[in-house]
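Below is one structure; the comments refer to it alone.
Remember, it's 1-based here, ligands and their atoms both numbered in the order they're listed.
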Amino acid sequence: MRNALWFAVVSVLAVLAHAQNQSTLKDAYKDCFMVGAALNPAQFTGQDQAEDAIIKTQFNTISPENVLKWEVVHPRPGAYDFSAADKYVEFGQQNHMFIIGHTLVWHSQVPKWVFEDDKGNPVSRDVLLDRMREHISKVVGRYKGRISGWDVVNEALNEDGTMRQSPWMKIIGEDYIEKAFRFAHDADPDVQLYYNDYSLENDAKRKGALELISKLKAKGVPITGVGTQGHFHMDWPSIEEVEGPIVDFSKLGVKVMVTELDIDVLPQATQSQTADVSLKVAADPKLNPYPNGLPEAVQQALAKRYADLFGTYAKHCGAVTRVTLWGVTDKDSWKNNWPVRDRTNYPLLFDRNAKPKPAFDAVIQRAPKRPS
Ligand code: XIL
C-alpha cells in the first residue's frame, strides 16, 4: 500500500517536472537547437517589463533588431555610437544568452556616405574595401568574445539567384563577400560567421546561394553557417520547400539557422515572396482585415502552421542549430509596417498583451519528447 502511494507521488512529480521542462521554448527544444528573438531597445533596457520576462524565460539566444546596423553604430565618417549596442550585449551577457550580431555588410540601413567621396561621386574599390575593413574590425573587435555569431553579409542575392547589384557589388565586385568574412575573422578568430538571406526556400535563389557558399568554402573562406530568414506566409513556403535549404546547406558542411522567423496572416500585398525592406505598398482596408482581433479559425490555422514548422526544424535536429523569431510580441513586429504601413498583423507567438497565443502552445506540444 505504502509502495503504491510512493509510486503515485513519484509519478505525479515526474509528470510535473516533465510539464515544467516542456513549458518554455528554450527548454522544450534544448536537445535540438537554441530558440531566440530579435530585440528592440525597450526590451533590453527593461522599459518593457512584460516582454523582459518573456525574453528571460523563453529564449537562450538574442539578435539585435536594429542597434548593430551600420547607420546606428557608424552614422558618420569616423563617428561611432555604441550606446544602444553596448546595452544589448550587456543584457545578453547578464542573462547568459548566445548573442548574435546583425549585420555587417548590407545594402540597407547603411548611410550613403559609405559609398561616396566628398563630392558625392562613387569611391574606388580600394577606398570602399578600406572602409569595410575599418568598420568590421571596429565593431566585431569591440564585442570580441561576447558576441558569438555575426551575420556578416545580408541579402547579397536577387530572387533569381544572381548577385544583387548593391553598391558593395558595383564598386568592389563579387569578392566583397569573401573580403567581409576574412575581415570579420581577423577581428575575432573564434566568432561564428554567417551568410543571411530570405527566400532561400525558392529553387532559383537557393541554387545561387549554394554556388556562392560552395565557392567560399572552396577558397577556404571562414564561413560557419547560413541563415534562412524565414519571413513566411500561411501558404508559402510548403514544408517540403522549408526542408530544401536545411538539407542542401548542411550537405556543404555549414550550420543552418532560421534567423528571422515570422508568419504573415494578412492578405499578401504583392505576388512576390520577397522580404526586401525597400518594398512599399499603399494602404488599403482590404489588406488589413483584422484590426480588432484575429478570428479563431485563423488563430488555429496559425498555430498549426507554427507547429508544423517547429516540427520540421526538430526533424532536422543537429542540422538546424538555432531558430530566432523576428520580434517578441505581435505589438512590436516590423510586419505591422511592412510592406504596408499601419496594419494590424499577428506574426509571432505572443499577442499584443504579451500573452502566449495558441501558436505558442502548439509549438511547445510539438517539441520532441524526451525519455523520462
Ligand atoms: C527590419 C527591422 O525589423 C525594422 O525595424 C527596420 O525598420 C527595417 O529592418 N531582413 C533583415 C532585417 O535582415 O534586418 C530587417 O529588419 C527585416 C528583413
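Judged purely by atom type and a 3.5 angstrom limit, N95 has no side-chain atom pairing as donor or acceptor with the backbone of M97.
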Please tabulate, one line per pair, the protein nitrogen or oxygen atoms found under 3.5 angstrom from a nitrogen or oxygen of ligand 1, with distances to 0.1 Å, or say none if there are no such pairs.
from     : atom 1 : to   : atom 2 : distance (Å)
ligand 1 : 3 (O)  : E65  : OE2    : 2.5
ligand 1 : 3 (O)  : W326 : NE1    : 3.0
ligand 1 : 5 (O)  : E65  : OE2    : 3.2
ligand 1 : 5 (O)  : N66  : ND2    : 2.9
ligand 1 : 9 (O)  : K69  : NZ     : 3.2
ligand 1 : 9 (O)  : Q109 : OE1    : 3.3
ligand 1 : 10 (N) : E155 : OE2    : 3.4
ligand 1 : 10 (N) : Q229 : OE1    : 3.4
ligand 1 : 10 (N) : E260 : OE1    : 3.0
ligand 1 : 13 (O) : H102 : NE2    : 3.4
ligand 1 : 13 (O) : N154 : ND2    : 3.0
ligand 1 : 13 (O) : Q229 : NE2    : 3.4
ligand 1 : 13 (O) : E260 : OE1    : 3.3
ligand 1 : 13 (O) : E260 : OE2    : 2.8
ligand 1 : 14 (O) : K69  : NZ     : 2.8
ligand 1 : 14 (O) : H102 : NE2    : 2.7
ligand 1 : 16 (O) : K69  : NZ     : 3.3
ligand 1 : 16 (O) : W326 : NE1    : 3.3

Donor-acceptor contacts, no H, no angles, side chain residues 206-219, under 3.5 Å, sequence neighbours left out:
from : atom 1 : to   : atom 2 : distance (Å)
R206 : NE     : D248 : OD2    : 2.9
R206 : NH1    : L200 : O      : 3.1
R206 : NH1    : E201 : O      : 3.1
R206 : NH2    : D203 : OD1    : 3.0
S214 : OG     : L210 : O      : 2.6
K215 : NZ     : E174 : OE2    : 3.1
K219 : NZ     : E178 : OE1    : 2.8

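When side chains are defined from C-beta on, I364 does not count as touching D361, because their heavy atoms never get closer than 4.5 Å. In this structure, the side chains of D160 and K205 stay at 4.5 Å or more apart for every pair of heavy atoms.
Paired with T329 under the rule side-chain hydrogen bond (donor to acceptor under 3.5 Å, both in side chains), one option of E51, K357, R352 passes, and it is E51. With D262 as the fixed residue, the side-chain hydrogen bond (donor to acceptor under 3.5 Å, both in side chains) test singles out one of W326, Y346, W334: W334.
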